[in-house]
Amino acid sequence: MTSPALPTEASGGWRALARAYAGSALALGGLALLLLIVAAALAAPWIAPQNPYDLATLDIMDSRLPPGSPSADGTLTYLLGTDGQGRDMLSAILHGLRISVAVGFSATLLALALGMSLGLVAGYAGGRVDAFVMRAVDIQMSFPAILTAMILLALFGQGTDKIVIALVASQWAYYARTTRGAALVEGRREYIEAARLLGLSTPRILFRHLLPNCLPPLIVVAALQVAAAIALEATLSFLGLGLPVTEPSLGLLIANGFQYLYSGRYWMSVFPGVALLLTIVALNLVADRLREILNPRLQPQ
Amino acid sequence: MTLFLLRRLLQAAQVLFVMSLLVFVGVYAIGNPLDMLVDPQATAADTARVAAALGLDQPLWVQYWRFLANALQGDLGISFLHGTPALHLIVQRLPATLELAVSALLIAVLLGIPLGLWAGLRPDSFGGRTVMAGSILGFSLPTFWVGLMLIMLFSVHLGWLPSGGRGPTREFLGLEWSLLAPGGWRHLLLPAVNLALFKLALVIRLTQSGTREALLQDYMRFARAKGLPARRIVGVHVLKNIMIPVVTVVGLEFGTLIAFSVVTESIFAWPGIGKLLLDSITQLDRPVVVAYLLLIVFIYTLISLAVDLIYAALDPRVRLAGGQAA
């Protein structure tokens with residue numbers, strides 16, 4: 001699966017990868033947008049004009065103001081309007097983005113770690129271990145992620161940790177299957193045979209020799225799955241199954257604004273929606289470009 | 001072929017059994033439905049009487065055994081809230097969901113294959129790039145958000161289409177259909193488009209990448225060298241080879257459509273099983289949740305069986321491998 005664009009010598013390989021990536025202006029734009037969003041999410045408590053969770057700073061006189069209105073005490077301009085409780089939408093979105101991005105990335109990393117280890121072991125060990133893991137993968141993947149997540153959240157109730165568990169449970173199988181496929185191919189190569197003959201320990205072979213060569217397809221899957229995780233979390237929170245009201249992610253902000261949509265107060269759900277959208281589109285642009293440059297099947301022979 | 005079918009059926013029955021156990025144990029661990037059903041001021045004796053009437057005082061395995069025995073006779077329990085059989089509640093609402101899902105699937109396939117083919121044949125043209133960029137968008141936009149935008153644009157802003165509900169229906173073959181009633185399509189259109197968008201993007205991407213890969217194959221070069229007209233090359237040689245992944249995914253995704261209809265139904269207040277599930281989860285109506293999940297598993301199992309069979313019909317290589325294994 002190792003493509004010519006990604007030789008094992010790390011520095012030269014990464015540079016070649018970066019050069020190949022920069023071939024598409026759209027993909028570069030996506031990467032810039034993604035970095036901006038992540039930076040905004042990380043810096044939310046410092047750059048937000050208001051602390052949206054501090055009820056003392058909210059003024060009910062300011063509720064449902066359209067974008068650009070000044071606050072009642074004149075200290076602040078609500079660039080994106082306010083919600084039903086007089087909360088500044090821009091601040092709420094920045095904090096919501098922080099929660100959505102944190103949940104999406106942590107769920108993806110955990111699912112990646114779990115799925116990758118299982119897939120690596122299954123592909124390398126083969127036999128009964130492989131059959132068992134892949135059976136579990138098949139059953140898991142025959143159910144849509146949203147169904148798995150809904151069942152688990154129905155069981156556990158709401159909470160940040162619970163939604164991360166639900167996301168991991170609905171996504172680990174993708175990594176396991178991808179890693180296992182790559183491990184099967186790479187495991188038969190001579191360098192693995194050589195490593196085994198040198199008497200290296202199995203964990204060392206697995207993680208130092210096999211894993212780096214299975215990475216390209218995993219990177220693509222992970223990039224796509226971060227976007228999927230963020231979208232799924234937003235959907236579940238929108239349905240009222242995800243995060244609790246005390247930690248409003250973008251999905252919950254959109255749900256809260258939904259009731260005002262019919263009366264034309266669009267900003268309460270449209271702006272958080274735009275933030276969610278930009279995040280997901282940026283991630284997908286990056287993932288799509290990575291797939292193009294890492295997929296050996298699309299490269300000229 | 002018969003052996004293959006028998007083995008697939010046995011496998012399906014196994015999956016159903018395991019899932020029924022998982023779902024039952026899982027769902028019956030949610031909260032305590034007695035808190036919801038019994039007046040908080042009721043005495044302990046009253047509470048116990050209700051628990052006994054619903055069979056909730058029995059140990060979990062007795063409850064499961066009774067549940068399984070009943071399930072095999074088509075009885076999936078009585079809804080705690082409605083007092084009617086859970087399966088009946090679901091079957092009553094199933095046609096609405098199926099009509100929505102089938103409409104969405106048709107939209108996705110009838111638009112997606114031509115668009116994907118077009119983009120695959122001209123990957124570097126402006127039109128091809130636009131279609132693919134649009135498909136990334138359709139792929140990445142969350143369903144619920146697109147639903148909100150559709151309501152905002154077509155219902156609130158333009159006032160062309162209703163924002164929710166199923167509207168008028170007409171009875172045909174004992175079921176209610178929106179499409180047959182005058183004006184029923186107006187209620188169906190927005191939810192169906194909403195549900196279709198994700199699959200539409202998927203079909204476009206599959207068709208496009210399949211076409212691009214097919215064009216690089218040797219048989220394409222031979223077909224061209226033979227002087228076949230472009231229409232025949234695309235219509236027969238390309239289309240035939242990309243149909244397998246498309247049929248598989250479209251088939252398997254039909255189950256996903258039904259699962260995802262939870263989102264669309266809750267936004268458009270469409271009275272299908274998805275909305276029923278959501279209401280049942282929040283109201284701890286366990287028999288309905290269990291019945292829904294089992295029904296979905298059942299539909300899924302049926303679909304993957306059907307996909308396997310269609311697969312064998314479309315691809316001689318699969319038929320050969322299946323024959324050897326059997």
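Reminder, nothing fancy here: chain letters follow the sequence lines and each chain counts from 1. The analysis underlying the following values was restricted to heavy atoms, covering all of them including side chains, and did not include hydrogens, waters or symmetry mates.
Both the backbone and the side chain of A:Ala234 come within less than 4.5 Å of a heavy atom of chain B. Only the side chain of B:Arg205 has a heavy atom closer than 4.5 Å to any heavy atom of chain A. Interface remark: B:Ile296 contributes side-chain atoms only to the contact with chain A (heavy atom separation under 4.5 Å). With a 4.5 Å cut-off on non-hydrogen atoms, B:Leu278 touches chain A through its side chain but not through its backbone.
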* Go through the steps to decide whether B:Val131 and B:Phe126 satisfy the test side chain to side chain contact (heavy atoms under 4.5 Å, CB included), and finish with yes or no. => CA-CA 9 Å; B:Val131 168; B:Phe126 177 74; over 6 Å; no

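Residues passing the salt bridge (Lys or Arg N to Asp or Glu O under 4.0 Å) test with B:Arg122, sequence neighbours excluded: none. Applying the salt bridge (Lys or Arg N to Asp or Glu O under 4.0 Å) rule to A:Lys162 yields no partners; only residues at least two apart in sequence or on another chain are considered.
In this structure, A:Gln171 contributes its side chain and A:Ala111 its backbone to no donor-acceptor pair below 3.5 Å. Using modelled atom types, one side-chain atom of B:Glu265 and one backbone atom of B:Gly274 make a donor-acceptor pair closer than 3.5 Å.
Contact of the B:Leu100 side chain with the B:Trp270 side chain is registered, since non-hydrogen atoms from C-beta on lie closer than 4.5 Å.
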What donor-acceptor contacts under 3.5 angstrom involve side-chain atoms of residues 270-283 of chain A, with partners at least two apart or in another chain?
from     : atom 1 : to       : atom 2 : distance (Å)
A:Thr279 : OG1    : A:Ala275 : O      : 2.7

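Contacts from residues 27-34 of chain A to chain B, taken as heavy-atom pairs separated by less than 4.5 Å, involve no residues at all.
No side-chain N or O of B:Glu213 forms a donor-acceptor pair with one of B:Ser209 less than 3.5 Å apart.
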